[in-house]
Every structure is written in C-alpha cells, then in structure tokens.
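Step one of this worksheet: look at the structure below.
We name chains A, B, ... by the order of the sequence lines, and we start the count at 1 in each one.
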2 protein chains.
Amino acid sequence: MKSAVKQKAMDLLNSVKLRRTNPRVAILGVLLAVDRPLTRDQISTRLGRDAPDKVTIYRTLESFVREGLVHRAFLRERVWHFELADDCTEQQCHPHFTCISCGDTHCFTAVTMPMARSPEEGFVIGHQRVQLEGFCPKCNPNA
Amino acid sequence: MKSAVKQKAMDLLNSVKLRRTNPRVAILGVLLAVDRPLTRDQISTRLGRDAPDKVTIYRTLESFVREGLVHRAFLRERVWHFELADDCTEQQCHPHFTCISCGDTHCFTAVTMPMARSPEEGFVIGHQRVQLEGFCPKCNPNA
DNA sequence: AAATATTTGCAACTTAGTTGCATTTGGCTA
DNA sequence: TAGCCAAATGCAACTAAGTTGCAAATATTT
Ligand SMILES: [Zn+2]
Ligand SMILES: [Zn+2]
Ligand SMILES: [Zn+2]
Ligand SMILES: [Zn+2]
C-alpha cells in the first residue's frame, strides 16, 4: 500500500476513534484505492495472502459502517458491495450502475437523482437507493 | 381462493402459454390477492399446508419472471421480493418503501421517478430500481 | 511491564436459493 | 376414454454469503 494511502487510512481511523489495527488499515486502504464498491470477496482477493479472515473483514466493514466511514452501496446477487461513504449524504448516495454483460460496476457520481416524495402524509423517507443495470460502453452492442 | 382470482390466474397462465398446474394457479393467486411484493417464505405461509415445495415455488416464480408476469421487485436482507409486473415497464417499476421499524413494504405506485441519465456516452441503462427506507405512517415517531 | 478491554481467527452454524434426479401430472393423440 | 410424453413437482443434497461463540492475540491504559 502506498504510504499516502496508509496515512489517509490511519487518519480516518483516528477521526472516528477506532483502533488502528493491521486489518483495519489494510481494508480501508483497499477501499481508498478504488473508485467503486467492493464485495468482501473482492477485498480479500486484493489483499492476497495477507488478507484477514473473512469474519474479521465483515466485522471491520460493519464497524466502518457504524462510524459512517463506509456504506453498504448495494446488494447484488445477494452480495453486499461496500464503498467509502465520502460521496454520500445520509439520505442518498449516487446511483450505481452494473453492466449485465461484464459485471463491472460504475459509480455515477455525477448523476443526481431527486428524492422520491411521499405519496401520502406520514411516510418519512430516510434513505433512497438507486440501482441501474445495462450495458457499459465496453459492452454496448450498439457502439 | 376466490374464484374470480382463480379465473384471473388461469387467464394469465393461458396468456403466456404456461401449463395451468395447481402450484402455479395457487402462487399466482397469492400474488394477485396482495398489493405488494412477497418473499418465497411469505408465499408459502399464505398457502399454508397446501403450499408447494419451496423449490417448486422458486421455479414457478422464475418461470413467471421469464414470461413477464412477475418481476423481482427488490432484494432486502438478501431475500428477493416478487410481485406482479403489471405496474412495471421494462425500464423501471414504482419505488418500493420498507419501514425500518415494522418491516412492512409499501408500493409507491403513485410516485414516478425520472430515469437516471448516462453520465457519458456509451452506457445503456436498461433498468432502474429505486428502493426507499424510513418510517411508515404507523411507526412515524413525529406523528 | 502488567492489566484490561478490544479485536482477531477459527470452527461451527444459519439460511436463501440452487441442482440432480426419480416420480407425477397436464395436455395431446389415437 | 386410454395412453403417451414432455413438462412440472418433490425430495434430498448442495452452495455460498454472512453470522455467532469462544479462545487467543493485540492495542491501549496504568
Ligand atoms: Zn460491460
Ligand atoms: Zn459508488
Ligand atoms: Zn412501520
Ligand atoms: Zn410494488
């Protein structure tokens, strides 16, 4: 891991008062190094031989979510995809697009969606998630 | 099951040329009788002692999805929720709201969301799903 | 350095959904 | 109506993401 990324990970852990353990720095480093959500399995793969146990990764991600560093971006094929929460508000994050051909996910950070309005009195919409599917430019059959 | 619902189920099966078996009529009848997505487990519960095997329910739902009668409304807690596809277009369905207090799901059929626009050339957005969470009127802490 | 609370790793578990295969059934034909 | 056959069903076994319990290890405090 680049030392700048490592430092950033350390700083983030400090900022939420989580102990700076090796697994946490490593996992946060992976998330800092990519610009899209990752699954637990993808995180393990990126850490290779040094990857912590999957239970540790799940618990670490859960602690990051609890502290607001990370959010659960979306569930796809019954698998959670996690990413840094720095581009999110409490109410919503950017839409996520997954290519049905190659499976790659793209963050549509430049796309803003209006919040759905409650159809009647009484509903409090705390969070909105927008998921997109289709063909990415690489797999676009019309291109 | 009401005979009108049963007849409607039969008609739907005929319309897509699926054999009218007992499990199919029963499952379609359950979906016709509610106005929200149901899980496989909820379908089994509603059918009680006469419920088909869970494998049959999954395969039946899959055949309905294939024929366009039903769609996978959303995945929540790693569980699929299925509903009739009659209020959906190919591109998107109405938003679904789930109460984080009581767990009830509501179809926001009266709420229309604009389709996200591709942030750059080349993306083909085939489907958009909007999921909402919050408090339903029953559980609204401010009411 | 010792004490203590937190974190980690391992094994076992949970559960939604899937697969293989033998049996049954719907719909067609004679 | 009886018989045929592809399609559908049920059961058991399986798969895989994520969770739980607990003993061992580690970060922080004293
Ligand atoms: Zn692609
Ligand atoms: Zn994202
Ligand atoms: Zn509620
Ligand atoms: Zn709905």
> Rest of the hydrophobic cluster containing B/Val55 (Ile/Leu/Val/Met/Phe/Trp/Tyr, side-chain heavy atoms under 4.5 Å)?
Replying inline: none
Donor-acceptor pairs are to be reported for all side-chain atoms of residues 13-34 of chain A against protein atoms at under 3.5 Å, with residues two or more places apart or in another chain.
unit_1  : atom_1 : unit_2  : atom_2 : d
A/Asn14 : OD1    : A/Arg20 : NE     : 3.0
A/Ser15 : OG     : A/Leu12 : O      : 2.6
A/Thr21 : OG1    : A/Arg24 : N      : 3.4
A/Arg24 : NH1    : A/Arg19 : O      : 3.2

> So which of residues 18-32 of chain B are in contact with DNA chain D, with a heavy-atom cut-off of under 4.0 Å?
Replying inline: B/Arg19, B/Thr21, B/Pro23, B/Arg24
> Which residues in residues 75-84 of chain A have at least one heavy atom lying under 4.0 Å from any atom of DNA chain D?
Replying inline: A/Arg78, A/Val79, A/Trp80
>> For a 4.0 angstrom threshold against heavy atoms of chain B, report the outermost contacting nucleotides of DNA chain C in 5' to 3' order.
In response: C/dA16 to C/dG27
> How is the hydrophobic cluster of A/Tyr58 composed, in terms of its other members, when Ile, Leu, Val, Met, Phe, Trp and Tyr link through side-chain heavy atoms under 4.5 Å apart, directly or indirectly?
Replying inline: none
> By a strict heavy-atom criterion of less than 4.0 Å, which residues belonging to residues 33-50 of chain A are in contact with DNA chain C?
Replying inline: none
> How would you list, by chain and number, every residue that makes a ring pair (Phe, Tyr, Trp, His ring centres under 6.0 Å) with B/His94, sequence neighbours excluded?
Replying inline: B/His96
> How does the hydrophobic cluster around A/Phe74 look, that is, which other residues are in it when side-chain heavy atoms under 4.5 Å mark a link?
Replying inline: none
> D/dA8 phosphate, OP1 or OP2: any side-chain N/O from B/Thr60 under 4.0 angstrom?
Replying inline: no
>> My understanding is that only residues two or more places apart in sequence, or in another chain, count here; which of them pass salt bridge (charged side-chain N to carboxylate O under 4.0 Å, His left out) with A/Arg76?
In response: A/Glu133
Can you give me every donor-acceptor pair (side chain of residues 113-125 of chain A, partner residue at least two apart or in another chain, under 3.5 Å) with its distance?
unit_1   : atom_1 : unit_2   : atom_2 : d
A/Ser118 : OG     : A/Glu120 : N      : 3.4
A/Ser118 : OG     : A/Glu120 : O      : 2.5

> A/His127: what forms a side chain to side chain donor-acceptor pair (under 3.5 Å) with it, not counting sequence neighbours?
Replying inline: none
